[in-house]
Amino acid sequence: MKQPLINFILLGLIITGCQTKNTDTVSNSTRVQFQGDSMKIETEVKGDLTIKRITDLHGIAEDGFDNSYEVHLRYREKINNKSVASDFNFILKGYKFSFDRSQATDFINKKIDELTAANEIPPIIEEYEQLRSIAKAEKDIHSFSQQKQEHWIADLLTYGEYSIENINSQDQPKSVLVEFYDISFAGGRDFYLITNKSDTIILFSHNDWQK
């Protein structure tokens, strides 16, 4: 599965998550949507799991390909922790994300211990050792590849505690919503900024794996 196609599908998930067309509610936990005459989206909620079944209505009959797929989604909200000391930070989409350096280092140490106990392969452990050197200000994050930078940022936003501030307006949004997605051919995380007015701003997507 090529990267451009993965990105196209993820963009489709974001769009279908934000737009509703010709919606027919089947039950309290299941919803059906149509995107024109080409796509049907069934959304089923089971506790903290959301399942989207995307059906290619053209299917094999018209273009020779059936692009239907199913995606499993889980969510984690990270509240803007304004009390966090801001001695370790980075800027993303015009927002500064600040961490307490010692807390970030503790999180990374715990992750390394978990990977070591699970007998994870050395290169994976080494990646987190490199991230620890960034959190401890021994290395600069920009000295590493863009792919590694994005992976580390994704992990810090998912598991760390941090404050958030708009670098221009000093506005402090409510939270970050982390969307974990799992498709048969890919898995990863989408990140959304939730403002105090409950608006949703797309931050970025990170593919954790793909076939």
Side-chain angles (χ1 to χ4, degrees), residues 1 3 6-7 10 14 48 72-168 170-183 185-195 201-211:
M1 183 64 62
Q3 186 68 31
I6 293 288
N7 292 339
L10 293 179
I14 292 171
D48 65 346
H72 289 200
L73 305 167
R74 294 184 187 275
Y75 297 89
R76 172 181 292 173
E77 186 175 16
K78 302 292 295 185
I79 301 299
N80 186 355
N81 187 345
K82 300 174 185 178
S83 65
V84 168
S86 57
D87 55 358
F88 170 45
N89 58 67
F90 55 80
I91 294 174
L92 185 64
K93 294 289 184 71
Y95 287 85
K96 183 170 74 171
F97 294 82
S98 300
F99 300 76
D100 180 294
R101 194 178 297 280
S102 63
Q103 287 182 0
T105 303
D106 288 345
F107 152 69
I108 298 164
N109 284 336
K110 181 179 179 182
K111 186 71 175 180
I112 291 173
D113 290 342
E114 290 174 352
L115 292 170
T116 302
N119 294 318
E120 185 57 80
I121 58 175
I124 300 296
I125 298 174
E126 182 182 349
E127 283 200 5
Y128 282 95
E129 290 173 341
Q130 291 172 342
L131 176 56
R132 178 170 57 190
S133 70
I134 294 169
K136 294 170 66 176
E138 296 171 352
K139 293 184 180 179
D140 187 276
I141 192 170
H142 301 294
S143 65
F144 295 94
S145 69
Q146 183 67 31
Q147 183 177 6
K148 280 192 175 183
Q149 292 176 40
E150 291 180 355
H151 173 74
W152 290 332
I153 288 172
D155 265 16
L156 286 169
L157 292 182
T158 301
Y159 304 110
E161 293 296 326
Y162 45 86
S163 63
I164 316 164
E165 182 178 84
N166 186 299
I167 60 174
N168 295 314
Q170 283 72 56
D171 177 57
Q172 296 180 325
K174 175 179 178 285
S175 62
V176 165
L177 184 66
V178 186
E179 178 184 69
F180 300 83
Y181 66 85
D182 185 29
I183 316 173
F185 49 82
R189 288 163 281 179
D190 293 325
F191 296 83
Y192 306 90
L193 195 68
I194 309 299
T195 71
I201 299 172
I202 300 169
L203 283 174
F204 77 108
S205 295
H206 184 265
N207 297 335
D208 291 319
W209 65 273
Q210 67 184 69
K211 293 182 179 180

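Side-chain contact check for Asp190 and Ser205: at least one donor-acceptor pair (N or O, by modelled atom type) lies under 3.5 Å. In the model, Asn207 has a side-chain atom that pairs as donor or acceptor with a side-chain atom of Tyr181 under 3.5 Å. Defined by atom type and a distance below 3.5 Å, a donor-acceptor pair is present between the side-chain atoms of Glu179 and Tyr192.
For the atom pair Thr105 OG1 and Lys110 NZ, the distance stands at 15.0 Å (nearest 0.5 Å). Here the CG atom belonging to Leu203 is positioned 10.0 Å from the CG atom belonging to Leu177, to the nearest 0.5 angstrom. A distance of 11.0 Å separates CD in Glu114 from CG in Asn109, rounded to the nearest 0.5 Å. Taken from OG in Ser98 to CD1 in Ile91, the straight-line distance is 9.0 Å, to the nearest 0.5 Å. Taking OG of Ser133 as the start and CD of Glu138 as the end, the distance is 6.0 Å to the nearest 0.5 Å. Distance CG/Leu73 to CG/Asp48: 11.5 Å, rounded to 0.5 Å.
Taking each heavy atom of Phe191 and Val176 in turn, the nearest pair found is CD2-CG1, 4.2 Å.
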For Gln130 and Phe144: C-alpha separation, side-chain torsions, deciding distance, then whether side chain to side chain contact (heavy atoms under 4.5 Å, CB included) applies.
CA-CA 9 Å; Gln130 291 172 342; Phe144 295 94; 3.9 Å; yes

Walk me through whether Tyr95 and Ile167 qualify under side chain to side chain contact (heavy atoms under 4.5 Å, CB included).
CA-CA 6 Å; Tyr95 287 85; Ile167 60 174; over 6 Å; no

Residues Phe97, Leu92; criterion side chain to side chain contact (heavy atoms under 4.5 Å, CB included); working and verdict
CA-CA 8 Å; Phe97 294 82; Leu92 185 64; 3.8 Å; yes

For Ile153 and Phe204, what are the C-alpha separation, side-chain angles and deciding distance, and is it a side chain to side chain contact (heavy atoms under 4.5 Å, CB included)?
CA-CA 10 Å; Ile153 288 172; Phe204 77 108; 3.9 Å; yes

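Side-chain contact between Leu193 and Ile164 is present, with at least one heavy-atom pair separated by less than 4.5 Å. Two residues are said to be in side-chain contact when any heavy atoms from C-beta on lie closer than 4.5 Å; Phe180 and Thr158 meet this criterion. Annotation: side chain of Lys111 is not in contact with side chain of Arg132 (no heavy-atom distance under 4.5 Å). Side-chain contact between Phe99 and Asn81 is absent, with no heavy atoms from C-beta onward closer than 4.5 Å. Counting only heavy atoms from C-beta outward, the side chains of Phe107 and Tyr159 approach each other to under 4.5 Å. Side-chain contact between Phe88 and Leu156: present, with at least one pair of heavy atoms (C-beta onward) separated by less than 4.5 Å.
Remark: Asp155 engages Arg189 in a salt bridge (Lys or Arg N to Asp or Glu O under 4.0 Å) (not counting sequence neighbours).
Of the possible donor and acceptor atoms, one in the side chain of Asn80 sits under 3.5 Å from a partner among the backbone N and O of Pro173. Looking only at distances, no side-chain donor or acceptor of Glu120 sits under 3.5 Å from a matching main-chain atom of Ile125.
For Tyr128 and Trp152, the ring centers sit 6.0 Å or farther from each other.
Counting heavy atoms of neighbouring residues, nucleotides and ligands inside a 6.0 Å radius, atom CD of Gln147 does not exceed 12 of them.
Annotation: salt bridge (charged side-chain N to carboxylate O under 4.0 Å, His left out) contacts involving residues 76-96, sequence neighbours excluded, comprise Glu77-Lys174, Lys78-Glu161.
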